[in-house]
Amino acid sequence: MDYRPSRMAVVAKCAEAFIREFFDQNPLSHVGLVTIKDGISHRLTDIGGSPESQIKALMGKLECSGDSSLQNALELIHGYLNQIPSYGHKEVLILYSALNTCDPGDVMETVEKCKKSKIRCSVIGLAAEIFICKHLCEETGGSYTVALDESHFKELLLEHAPPPPAIAEYAAANLIKMGFPQRGAEDLISICSCHKKIKSGAEGYICPRCKVNVCELPTECRTCGLTLVSSPHLARSYHHLFPVAPFDEVTFKLGQKGGQNCYGCQQSLINSDSQSNLHVRCPKCNQHFCFDCDIYIHESLHNCPGCESQRSFSS
Amino acid sequence: MWFDLDGLPVCFPYDAIYPEQHEYMGELKRALDARGHALLEMPTGTGKTAALISLITSYALANPSRPLRLFYCTRTVHEMEKTLAELRLLFSHLPPADACRLLALGLSSRKNLCVHPQVSASGAVDTGCRRLTASWVCEKAAYDRESATPLCDYFETFDAAARKGDLALYIQPGVYTLADLRSLGRERRICPYFLARHMVKHANVVVYSYQYLLDPRVASIVSSEMQKDCVVVFDEVHNIDNVCIEALSVSIRKQTIQGAKGNLRHISQQIDRFKATDASRLNAEYRRLVDGLAQRGNLPISDAWLANLALPDDILKEAVPGNIRKAEHFLTVLWRLVRNLDERVDTENVVNERPVSFATSIYSLAGIETTTLRFLYDRLQSLLLTLEITDTDEFMHIQKICDFATLIGTYKRGFSIIIEPYDDRMPDIRDPVIQLSCHDASLAIQPVFNRFQTVVITSGTLSPIDLYPRLLNFNPVISRSFTMSLTRDCICPMVLTRGSDQLPVSTKFDMRSDPGVVRNYGRLLLEMASAVPDGIVCFFVSYSYMDGIVSSWNDMGILQEIMQHKLVFIETPDVVETTLALDNYRKACDCGRGAVFFSVARGKVVEGIDFNRHYGRLVIMFGVPFQYTLSKILRARLEYLRETSQIQRQAAQCVGRVIRSKADYGMMIFADKRYSRHDKRSKLPGWIRSHLHDAHLNLSTDMALHTAREFLRRMAQPYDKAGSSGQTEENLQDKARDAMEM
């Protein structure tokens, strides 16, 4: 066979990595798993926000047999995703190993239905390009790729982790209530609501509404149901909406006033042994950064420390 | 974009041009300059149509002394629409001053153009139309207003406008597809069919089926309207020789003769009726024939059956012989002929005769001279008109017999008459047939070559290209074969010589019924069905072989296994059934179920159907297709041609239908050990050979499967659509500049 030890094992392994990566990139998003086998589709997990429970459910149910039915799967998914409020992106990622689909009815109608409900369907095929999958992806605005081998498969899968660019007509503006909890004080000892264990405040966060202690962000407060996030999470989820402006490359003129150190990591920007004093500057806050921090800010952090601290000064 | 081609400004409706298109245009221009014919082979999907029309249009615009007159002949209505869409795109890129002078339209039969609410809904559009529009019907309605003779309003509008000579008001310059013509007709309440037929005289570009030029029976309405300086293009004509031959071949069965007898009885009743009521009409016709007036030319447009294009001119000038001028005399001649044929068809053994000896036997047995035979077709048309018969379908049988007689009387060479008492496929059932088969493809197309200064024959498969001038008997000034510049290796031909058990596979006669070979072929298809998505097309060498192998697969259980992966559809000699099977095959490919289509390499039904994109990801050719050499007609033809290199073209055409555009991809498997021999392989067209790697020349099933999997993965990867092979305007200008500097 083409994937070793088996397609199932490879797909499961990559799916696990994907789920972790997905929650890391989209802390506010939820995921549900659906399996397709024996001509029917089966809901493995409900749509939820915890990576661990999803992975556990997936690993416990690794089976494959029979024909696959794309239509059944899409119908099931459509049923779930249709209830999602309009501000959310509705996305389906199908990992498709079969080369055909045995459907009870006209799959084209289902594709149309998905298109109408603005569900973006993407497919990653394991063997070859299938017309109906391509059609589905083209109609719903998703992407269709076929993996060459295991590493390529993983790469393709992880490409789906960052959120897609928001399409203006899809995203209806809506106000959502969210809490930004603060880390508890050192001396505060309380029982965390998630593990029911006694913890000091520094290990958890305090819900701003009901003051209960939670261990991890993002989450939903167990007591009052408020969505609890931190601002980097928001930034990571919505960095497509508010991208950090690219930094300008500047050379450091000797004798120039201002910070000689990187605003991010406080390392000296002056390279003693060579003439290359190249570094970058944020066009908004005019703070200087080294290249390492530039990469970190743009690829992981998605907000500029200089701009953020200025904002806090002014407010 | 605009670019300069050897001093000719060419308007091309796309931003980039492929190098082969550029070259193609160059050759075409040379042919136009030399005012000669051209034969150009370029793989499908490289934009032949766009290159052709943009060059010819630009050429005409640059040479105002030679106005643009282009007759573009396509094979199907669908291709016609595609060509018109290209034209529309091109016209939108032309300067408005030029574009607003040009008129392009598609022309098709009444069936496709009729907008009359009742007639178009009925099955027999031609007959229905004639019943409402024939000149005597109109006359009668005008003469006798109370009788309320039903007329077609659409035709009346056309007729009134034609009388006033202001038809041009109805149609503005531009591009008209069939749908456009229909909606125009509905809007202005004018008959689109007659309007289009009339506008052909004035249109700059006419797109229609090549039957209009080649088949004398389809009555070439344009024959009198086309001047010498027209450019005639035959597109997608890889089987033009067959079309030409079919246009001049007639087969008469027992039913035809029975039907003809019925027709004759009907005609004689009509004649009697006319004699009693309106003898003057018959007399007028007689007098006209005595005067030697050819009946065409002075007939109203709606009645015209039009000139027999395939007849030599000298016949048309001769007067109709005296013994068939009078209607009843003519009828007795026909009776004698039909009875004679009826006797001839009742033979027990196969007869193969030349037209001359056949005509002599008619003379000695029925007393009809050869010259008389020649005029039967025209004389019958004239009589049918005189008798005001609109229902032409009913008189098909007698027309067929007159057609047969006229061809025998006219041609001494290039035909043979074969009388077969039994059908080959069912040797037990008596089904006698007289076949007049034409062997010389040049006969039908010769008038076209003689009449027009530039005839361009182009197709995706014309290999071997030097055969065509000989088959069609013409001298092209340009004869070139182009290759496709592909952005990627999108075709993967493979030669499979061994099955999974490493034993050779072949359809050679001594091996084809070997269960091992049958099983190996079955396993091959099964493995491929599990690895290839969507559609697979299998070609077999003959119907009988296909039937045999499919039933053995069924016994072995292989067919059932294949059905788990894909649905199976089979071509039969029945057109309706096969069309249905093809439709369902497409549907199965579309909805992702996947399907296999079993077809026969020379199958009539599938001929000309494209299995492009997902409809044919893989084509498997089981065996080497040979012409069926036991067919009497074919043998007679081969004798005539002394030419046997028809064989491999079929294989190339079968597999060549996988690729229709650059974005497309497909695999071909030639499953026969004989393909590994160089002499067989060398007859495949160059563009397939160039993709045939040495490593793929001698594969077994498992190796082929591996190659297929790899290929499909590779092809599914995204690629640069614009491609590096396209050239933009700037590139071409740069090139031109470089050339100037050198």
Side-chain angles (χ1 to χ4, degrees), chain A residues 1-3 7 36 38-39 65-75 94 96-112 121-139 142-153 155-156 159, chain B residues 488 490 492 525-537 561-568 584-596 611-618 658 660-661 663-667 702 705-719 721:
Chain A
M1 276 311 283
D2 35 9
Y3 297 89
R7 279 191 187 181
I36 313 170
D38 292 326
S65 60
D67 296 316
S68 69
S69 167
L70 199 60
Q71 192 192 12
N72 282 340
L74 288 176
E75 289 284 353
I94 304 168
Y96 208 68
S97 167
L99 284 176
N100 56 14
T101 153
C102 281
D103 298 323
D106 188 1
V107 68
M108 297 292 176
E109 284 172 16
T110 315
V111 173
E112 274 306 302
C121 305
S122 301
V123 180
I124 299 178
L126 272 83
E129 186 182 276
I130 308 161
F131 172 76
I132 186 68
C133 296
K134 193 165 188 180
H135 178 77
L136 170 71
C137 298
E138 272 169 10
E139 285 295 306
S143 74
Y144 182 39
T145 44
V146 174
L148 286 172
D149 50 30
E150 190 182 334
S151 60
H152 188 226
F153 177 67
E155 193 182 306
L156 292 174
E159 269 173 24
Chain B
R488 53 180 188 166
C490 70
C492 176
L525 181 58
L526 179 58
E527 298 282 344
M528 285 299 163
S530 65
V532 178
D534 300 329
I536 296 182
V537 187
E561 283 182 63
I562 293 172
M563 303 255 255
Q564 293 198 334
H565 297 286
K566 289 186 192 302
L567 305 180
V568 176
N584 284 325
Y585 169 77
R586 296 235 159 108
K587 228 178 264 168
C589 293
D590 278 336
C591 77
R593 180 65 185 85
V596 185
F611 292 106
N612 57 338
R613 298 187 297 135
H614 60 285
Y615 298 127
R617 280 288 177 239
L618 169 68
V658 207
R660 303 305 281 189
S661 77
D664 204 354
Y665 62 88
M667 295 181 293
D702 42 339
L705 189 66
H706 182 74
T707 317
R709 284 213 174 107
E710 287 297 304
F711 176 77
L712 286 171
R713 284 233 168 80
R714 211 167 56 236
M715 283 303 125
Q717 301 311 313
Y719 79 105
K721 276 245 163 66

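Within every chain, numbering begins at 1; the chains are lettered A, B, ... in the order of the sequence lines, protein sequences first and strands thereafter.
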Pick whichever of A:Ala127, A:Ala147, A:Cys133 has the most heavy-atom pairs under 4.5 Å with chain B. A:Ala127

With a 4.5 Å limit on heavy-atom distance, are the side chains of B:His614 and B:Asp590 in contact? yes

Do you know the tightest heavy-atom contact between A:Leu126 and A:Phe153? CD1-CE1, 4.1 Å

In terms of heavy-atom pairs under 4.5 Å, which option from B:Ala531, B:Gly594, B:Gly592 contacts chain A the most? B:Gly592

Heavy-atom pairs under 4.5 Å with chain B are the metric here; pick the option from A:Asp67, A:Leu148, A:Ile130 that has the most. A:Leu148

Highest number of heavy-atom pairs under 4.5 Å with chain A: which of B:Gly535, B:Cys591, B:Ala716? B:Cys591

Report yes or no: does B:Lys566 contribute a side-chain atom to a donor-acceptor pair with the main-chain N or O of B:Val532 at less than 3.5 Å? yes

Residue part contacting chain B, namely of A:Ala98, when any heavy atom lies under 4.5 Å: neither

Would you indicate whether the side-chain heavy atoms of B:Ser530 and A:Leu99 approach each other to under 4.5 Å? no

For A:His152, which atoms come within 4.5 Å of any heavy atom of chain B: side chain, backbone, both, or neither? side chain

Shortest non-hydrogen separation from A:Asp103 to A:Leu70 and the atoms involved: OD1-N, 3.3 Å

Close side-chain approach of B:Met715 to A:Glu129, heavy-atom, < 4.5 Å: no

Contact origin within A:Thr101 toward chain B - heavy atom pairs under 4.5 Å: both

